[in-house]
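Numbered from 1 within each chain, the chains take letters A, B, ... in sequence-line order.
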Number of protein chains: 2
Amino acid sequence: MSGVSERMIRHYETIGLMPAAARQGSGYRDYDEKDVHRLRFVARARNLGFAIDDIRQLLSLWDNGDRASADVRALALSHAAALGEKVDALQAMRKELLHLADLCHGDGRPDCPILDRLSG
Amino acid sequence: MSGVSERMIRHYETIGLMPAAARQGSGYRDYDEKDVHRLRFVARARNLGFAIDDIRQLLSLWDNGDRASADVRALALSHAAALGEKVDALQAMRKELLHLADLCHGDGRPDCPILDRLSG
DNA sequence: TTGAACCTTGACACCATGTCAGGGTCAAGC
DNA sequence: GCTTGACCCTGACATGGTGTCAAGGTTCAA
């Protein structure tokens, strides 16, 4: 229902993102609507790339009816900035790779500017 | 000299990226120019975001004087494509976060479109 | 001789997730 | 009531790349 795997549901319980699940007599975990809702929240946050610790904070803001939206916004912006840095780094790598690939004739001959660049 | 930490030099030896280092009588590892050169190769490849397994292949191409530059180029292009996908994914996240942050008034009030979006 | 600065191996940690093993439970069909 | 298959339980190991720590050995200079 939440789209979260069994494995991860239990993991989230272990690390305290989810409360300890209620248990049936057999020991099976028992979830209610609220649990599913919370899991979906976590899943959506993960899809936006938030790390577990960020999600912990988001959940506590969500739980807290007296929160200030400014705090949520700050988390989102800080995460967006982190993503921006990652994007820049990956793009720089990608650009250089494409440039090197462009220089390389890419045929049966062994000489290759890509290896030259890597070997210094 | 290579810019690679002790820790990682030994790790690369453990996983077979680097040959087992020569040893002094005391058991201390002993490196020569060639080792340093190889380590630098690995470090540069890591800086371009190549994973260890890719580097393993790059090293074997580097070692092999009969290589075809086409093979090196294919590795580089495939890695660039993978980077491109990652960039796209991160950018999509970032874009949505910025959009949500834009909608959020970000003051002392608790209502917040970011949390609304996460809670569904 | 002593101390500081190195080196050795081994282990544990991160983060998020998958997978497997070895066992228990439950419900449907016979 | 028994079998069978589909669940569920816990615990452990793996991934990748790196940090860090501990307990011990070595080397060199003062």
Side-chain angles (χ1 to χ4, degrees), chain A residues 1-32 35-36 38-60 75 78-79 82-83 85-86 89-90 92-93 118, chain B residues 1-32 35-36 38-60 75 78-79 82-83 85-87 89-90 92-93 97 118:
Chain A
M1 283 190 278
S2 62
V4 179
S5 70
E6 289 178 37
R7 178 69 178 82
M8 293 315 297
I9 295 176
R10 293 178 192 145
H11 181 59
Y12 293 154
E13 182 178 329
T14 305
I15 64 177
L17 262 200
M18 292 291 297
R23 299 287 181 141
Q24 298 172 342
S26 59
Y28 285 17
R29 286 178 180 77
D30 217 355
Y31 296 102
D32 61 17
D35 294 317
V36 176
R38 193 179 181 89
L39 277 171
R40 278 205 271 248
F41 183 102
V42 174
R44 292 199 191 91
R46 295 273 324 127
N47 285 338
L48 285 175
F50 282 103
I52 296 291
D53 265 359
D54 297 334
I55 296 179
R56 219 182 285 277
Q57 293 181 259
L58 288 170
L59 282 170
S60 94
L75 274 178
S78 139
H79 181 46
L83 288 177
E85 284 180 31
K86 245 185 218 172
L90 296 183
M93 292 177 190
L118 289 173
Chain B
M1 282 189 278
S2 63
V4 179
S5 70
E6 289 180 35
R7 176 71 177 81
M8 292 314 299
I9 295 176
R10 293 179 191 145
H11 181 59
Y12 293 154
E13 181 178 331
T14 305
I15 65 177
L17 263 200
M18 293 289 298
R23 301 286 183 143
Q24 298 173 342
S26 60
Y28 285 17
R29 285 176 180 76
D30 217 355
Y31 295 102
D32 60 17
D35 294 317
V36 176
R38 192 176 182 91
L39 277 171
R40 278 206 270 249
F41 183 102
V42 173
R44 292 199 190 93
R46 295 270 328 125
N47 285 339
L48 285 175
F50 282 102
I52 297 289
D53 264 358
D54 296 334
I55 297 178
R56 217 182 287 276
Q57 291 181 262
L58 288 171
L59 281 170
S60 96
L75 273 178
S78 138
H79 181 48
L83 288 177
E85 284 180 31
K86 248 185 214 171
V87 164
L90 296 183
M93 293 176 190
L97 283 169
L118 289 173

With the sugar-phosphate defined as primed atoms, P, OP1 and OP2, and the base as all remaining atoms, what B/S/- string results for nucleotides 19-30 of chain D, 5' to 3', for protein heavy atoms under 4.0 Å? BB----BBS---
Results of side chain to side chain donor-acceptor pair (under 3.5 Å) for Asp53(B) - residues two or more places apart only: Arg56(B)
Residues two or more places apart in sequence or in another chain: which of them pass salt bridge (charged side-chain N to carboxylate O under 4.0 Å, His left out) with Arg38(B)? Asp63(B)
Given atom CZ of Arg46(B) and atom P of dG16(D), what is their separation to the nearest angstrom? 11 Å
With Arg40(B) via salt bridge (charged side-chain N to carboxylate O under 4.0 Å, His left out) - residues at least two apart: none
Would you please name every residue forming a side chain to side chain contact (heavy atoms under 4.5 Å, CB included) with Met93(A), sequence neighbours left out? Leu90(A), Leu83(B)
Applying ring pair (Phe, Tyr, Trp, His ring centres under 6.0 Å), can you list everything that pairs with Tyr12(A), at least two apart in sequence or on another chain? none
Just jot down the side chain to side chain contact (heavy atoms under 4.5 Å, CB included) partners of Ala21(A), sequence neighbours excluded, or say none. Glu13(A), Arg29(A), Tyr31(A)
Just the rounded figure in Å: distance from P of dG11(D) to CD of Glu6(A). 16 Å
To the nearest 0.5 Å, what is the distance between CG on Leu39(B) and CG on Leu17(B)? 9.5 Å
Identify, with sequence neighbours excluded, every residue that meets side chain to side chain contact (heavy atoms under 4.5 Å, CB included) alongside Tyr28(B). Gln24(B), Ser26(B)
Atom CZ of Arg29(B) and atom C1' of dC6(C) are separated, to the nearest Å, by 14 Å
When you measure from the side chain of His79(A) to the backbone of Leu48(A), do you find a donor-acceptor pair of N or O atoms at a distance under 3.5 Å? yes
Listed by chain and number, what are the salt bridge (charged side-chain N to carboxylate O under 4.0 Å, His left out) partners of Glu6(B), not counting sequence neighbours? Arg10(B)
Between C1' of dA12(D) and CZ of Arg10(A), the distance in whole Å: 15 Å
Ordered by number, residues from residues 13-23 of chain A within less than 4.0 Å of DNA chain D (heavy atoms) are Arg23(A)
Applying side chain to side chain contact (heavy atoms under 4.5 Å, CB included), can you list everything that pairs with Ser60(B), at least two apart in sequence or on another chain? none
Does any residue of residues 47-56 of chain A have a heavy atom under 4.0 Å from DNA chain C, and if so, which ones, in number order? Ala51(A), Ile52(A)
Between dT17(C), dT9(C), dT10(D), which one does the side chain of Tyr12(A) approach most closely? dT17(C)
Roughly how many Å is it from NE2 in His11(B) to C1' in dA13(C), rounded to a whole number? 14 Å
